Amino acid sequence: MLLTGVFDGPLKGGLPKGVELYASCDVPNLSLYGLNFFINGLGTYRKEYFWTSSLSAGAFIYVSKEATKFTEFFGFTPSVLSNAVHINGNDA
């Protein structure tokens, strides 16, 4: 799994917010993976787990805070919704 994008979009409220992940090889068990977020520069880490299935090489996963503005901007729905991806520029 590769982190290939982090976005804090141009729509009102900085939407859509999210990340893009890419499977560079087959991933037979996505439940072993998660995302760590350093929340708002406060020194607080939160680990989010999202997946229970497999993923084929070459596939992308899009994790977003919400679906409406994500779909409006990108033209497709996110793979996963999570409040953890509240990205605003002072995250790590």
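Here the structure is a predicted model, which means the values were calculated and not measured.
Classified by interplanar angle (parallel below 30°, tilted 30° to 60°, perpendicular above 60°), the ring pair F7/F70 is tilted.
Under the 4.5 Å side-chain criterion, counting only non-hydrogen atoms from C-beta, N29 is not in contact with S53. Using a 4.5 Å cut-off on side-chain heavy atoms (C-beta onward), V27 and M1 make contact. Side-chain contact between L11 and P16: present, with at least one pair of heavy atoms (C-beta onward) separated by less than 4.5 Å. Taking the side chain as every heavy atom from C-beta outward, L2 and L21 never approach each other to under 4.5 Å. Side-chain atoms of T4 and V19, non-hydrogen and from C-beta on, never get closer than 4.5 Å to each other. Between P10 and F73, some side-chain heavy-atom pair lies under the 4.5 Å cut-off.
A distance-only check finds a donor-acceptor pair linking the side chain of S64 to the backbone of K17 [under 3.5 Å]. In terms of modelled atom types and a separation under 3.5 Å, the side chain of E72 and the main chain of G75 share no donor-acceptor contact. Not a single donor-acceptor pair under 3.5 Å links the side chain of D26 to the backbone N or O of P28.
Closest non-hydrogen pair, A23 versus L55, comes out as CB-CD2, 3.6 Å.
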Inset, instruction - Take V63 and E20 through the side chain to side chain contact (heavy atoms under 4.5 Å, CB included) test and state the conclusion after the steps. - result: CA-CA 7 Å; V63 183; E20 176 189 75; over 6 Å; no
Legend entry - L15 and E66: CA distance, side-chain angles, deciding distance, side chain to side chain contact (heavy atoms under 4.5 Å, CB included) verdict: CA-CA 8 Å; L15 296 176; E66 55 76 51; 4.1 Å; yes
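If you look at F76 and Y62, their ring centroids are closer than 6.0 Å.
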